[in-house]
Amino acid sequence: MKSPLLSLPGAVAAEGRDEGVAAHYGDLFREQRALADGHGFVDLSHRGVVAVTGDDRLSWLHLLVTQHMTDLAPGQATEALILSANGHIEHALYLVDDGATVWAHVEPGTREELVAYLESMKFFYRVEVADRTDDIAVVHLPAGSIAEVPAGAVVRETPHGRDLFLPRADLESFAGSHGPAAGVLAYEALRVEAHRPRLGFETDHRTIPHEVGLIGSAVHLQKGCYRGQETVARVQNLGKPPRRLVFLHLDGSEVLLPGHGTPIRLAADGEEGRQLGFVTSSVRHHELGPIALALVKRNVPVDAPLIAGTTAAAQETVVEP
């Protein structure tokens, strides 16, 4: 779905998963600095929007997702996962209840499958599931922003900023009163800096929540059954995840960033060494320079110098081995 804000001056369209919104508006680092200082907004209108209404919406979602939902207060933000029977991450939902509706925004390209799954699980519960992507858009106000929220918008407030669910028809008027606009590359740079995993980037078909640090933020350990809970409980109580998320400081002299999937090896072993993981997200940060997140085998020494492809990388621990 192509955003009307791609017509703003300087807009350069994003590619890949973020196609449909602007990658940047002409000055990536200026946009990052503005967000870090609490100014501007990010157009996330390419993300899917799913709404769940009905008297049983919270108790019903509680049975399906990894988060404790029954006591969710109106206006309280949370996030949750839907796991496979084997505990692998299938969906990530960023949620808020407005007192009548649970609103969720999800990764581009995942809403149809998510809605189909939710519809299949309704049974006798008093719930209705709707794909609202065509009429509701998501925009992000950064942490520290004092911008006024338009009347009628649903707000999901987190330590990283406020996600607004607002009518898609109001996007252009919102941009006119809440600029400057920042592209998704600036948003992604701050996400990587904060070590926040993203579905389809830090996850693959076999990722479990422990590997990417989602226990607590998206997985509640003191709730009843949900699909995949056995794996979560087993790893929590008896073992360790096979992989762990790390943060990488990359060699700033390299022209190109190592892309998603670039092999990670021990620097001492060189480019022909055994692959120990892969880059999940890489960005250029306005203060830190080139940085990345990566998934590596749990037993990789936490102080070992690494290489991402041919790029030297120093690691910081995100998930403890």
Side-chain angles (χ1 to χ4, degrees), residues 1-5 14 16-22 35 41-53 57-58 61 64-67 69 72 74-82 89-119 127-143 145 149-150 152-171 174-175 178 181-184 186-188 190-191 194 196-203 214 217-218:
M1 186 173 293
K2 185 176 180 180
S3 172
L5 302 191
R17 183 69 66 89
D18 290 322
E19 182 179 3
V21 295
L35 292 180
F41 73 95
V42 183
D43 177 12
L44 299 179
S45 62
H46 62 316
R47 293 183 64 81
V49 175
V50 177
V52 180
T53 56
R57 65 189 183 280
L58 294 178
L61 285 169
L64 302 179
V65 304
T66 57
Q67 189 58 270
M69 297 292 296
L72 188 68
Q76 179 183 351
T78 192
E79 57 187 87
L81 308 174
I82 292 177
I89 299 172
E90 292 189 341
H91 293 282
L93 294 77
Y94 300 87
L95 303 147
V96 66
D97 184 81
D98 67 3
T101 301
V102 174
W103 296 91
H105 66 79
V106 299
E107 281 294 326
T110 66
R111 60 189 169 102
E112 295 91 347
E113 183 180 347
L114 173 62
V115 168
Y117 172 71
L118 294 177
E119 286 284 356
V127 295
E128 294 296 330
V129 179
D131 181 349
R132 298 293 302 276
T133 310
D134 288 344
D135 63 303
I136 300 294
V138 178
V139 296
H140 175 77
L141 295 174
S145 171
V149 175
V154 175
V155 180
R156 179 180 179 273
E157 185 161 3
T158 77
H160 306 290
R162 289 175 287 171
D163 298 332
L164 310 184
F165 297 81
L166 75 163
R168 189 170 290 274
D170 294 346
L171 268 176
F174 178 89
H178 289 76
V184 290
Y187 180 83
E188 283 289 283
L190 300 187
R191 177 185 72 82
R196 291 186 289 137
R198 182 178 174 187
L199 183 76
F201 289 76
E202 280 62 57
T203 70
L214 290 174
S217 62

### Task
With side chain to side chain contact (heavy atoms under 4.5 Å, CB included) as the test, would you mind laying out the steps for V106 and Y94 before giving the verdict?
CA-CA 7 Å; V106 299; Y94 300 87; 5.9 Å; no
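- E107 places no side-chain N or O within donor-acceptor distance of the main-chain N or O of H91, the cut-off being under 3.5 Å.
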### Query
When you look at L44 and Y187, which way does the side chain to side chain contact (heavy atoms under 4.5 Å, CB included) test go after all the steps?
CA-CA 10 Å; L44 299 179; Y187 180 83; 4.0 Å; yes
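- Within 6.0 Å of CD in E113 there are 12 or fewer heavy atoms belonging to other residues, nucleotides or ligands.
- The closest donor-acceptor contact from the side chain of T78 to the backbone of L95 lies at 3.5 Å or more, if one exists at all.
- Minimum interatomic distance between H140 and G161 (heavy atoms only, all atoms of both residues): CE1-CA, 3.8 Å.
- Two residues are said to be in side-chain contact when any heavy atoms from C-beta on lie closer than 4.5 Å; P197 and L214 meet this criterion.
- Heavy atoms of other residues, nucleotides or ligands lying less than 6.0 angstrom from CD of E19 number 12 at most.
- Here the shortest heavy-atom pairing between D18 and V21 reads O-CG2, 3.4 Å.
- Classification of the F174-F41 ring pair by plane angle, with boundaries at 30° and 60°, yields perpendicular.
- L93 CG to T66 OG1: the interatomic distance, rounded to the nearest 0.5 Å, is 8.5 Å.
- Closest heavy-atom contact between I82 and L64: CG1-O, 4.1 Å.
- Between the side chain of T101 and the backbone N or O of V52, no donor-acceptor pair lies under 3.5 Å.
- Of all the heavy atoms in L35 and P142, the pair that sits closest is O-CB, 3.3 Å.
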### Task
Please test R168 against D135 for side chain to side chain contact (heavy atoms under 4.5 Å, CB included), starting from the C-alpha separation and ending with a verdict.
CA-CA 5 Å; R168 189 170 290 274; D135 63 303; 5.5 Å; no
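- Using a 4.5 Å heavy-atom cutoff, the side chains of V139 and H178 are not in contact.
- Residues R17 and F201 have side chains in contact (heavy-atom distance under 4.5 Å, counting atoms from C-beta outward).
- Using a 4.0 Å cut-off between a side-chain N of Lys or Arg and a carboxylate O of Asp or Glu, R191 and E202 qualify as a salt bridge.
- With hydrogens and angles ignored, the 3.5 Å screen pairs a side-chain donor or acceptor of R162 with a backbone N or O of S145.
- The distance from the CG atom of L166 to the CD1 atom of I136 is 7.5 Å, given to the nearest 0.5 Å.
- The CD atom of Q76 sits 9.0 Å away from atom CE of M69, with the distance rounded to the nearest 0.5 Å.
- Judged by distance alone, the side chain of Q67 and the main-chain N or O of E79 form a donor-acceptor pair under 3.5 Å.
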### Task
For S3 and H46, run side chain to side chain contact (heavy atoms under 4.5 Å, CB included): C-alpha distance rounded to whole Å, both residues' side-chain angles, the deciding distance at 0.1 Å, then the answer.
CA-CA 7 Å; S3 172; H46 62 316; over 6 Å; no
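- Residue V155 comes nearest to L164 through the heavy atom pair CG2-CD2, 3.8 Å, listed as atom of the first residue, atom of the second, then distance.
- The shortest distance between side-chain heavy atoms of V129 and V50 falls below 4.5 Å.
- Here D163 does not pair with R47 in a salt bridge; the nearest charged N to carboxylate O distance is not below 4.0 Å.
- For the pair L171 and S45, the minimum side-chain heavy-atom distance is below 4.5 Å.
- Residues R156 and W103 are not in side-chain contact: their nearest non-hydrogen atoms beyond the backbone lie 4.5 Å or more apart.
- Across all non-hydrogen atoms, the minimal contact from A175 to L5 is CB-CD2, 3.8 Å.
- You'll find the side chain of L58 reaches within 4.5 Å of the side chain of V102, heavy atoms only.
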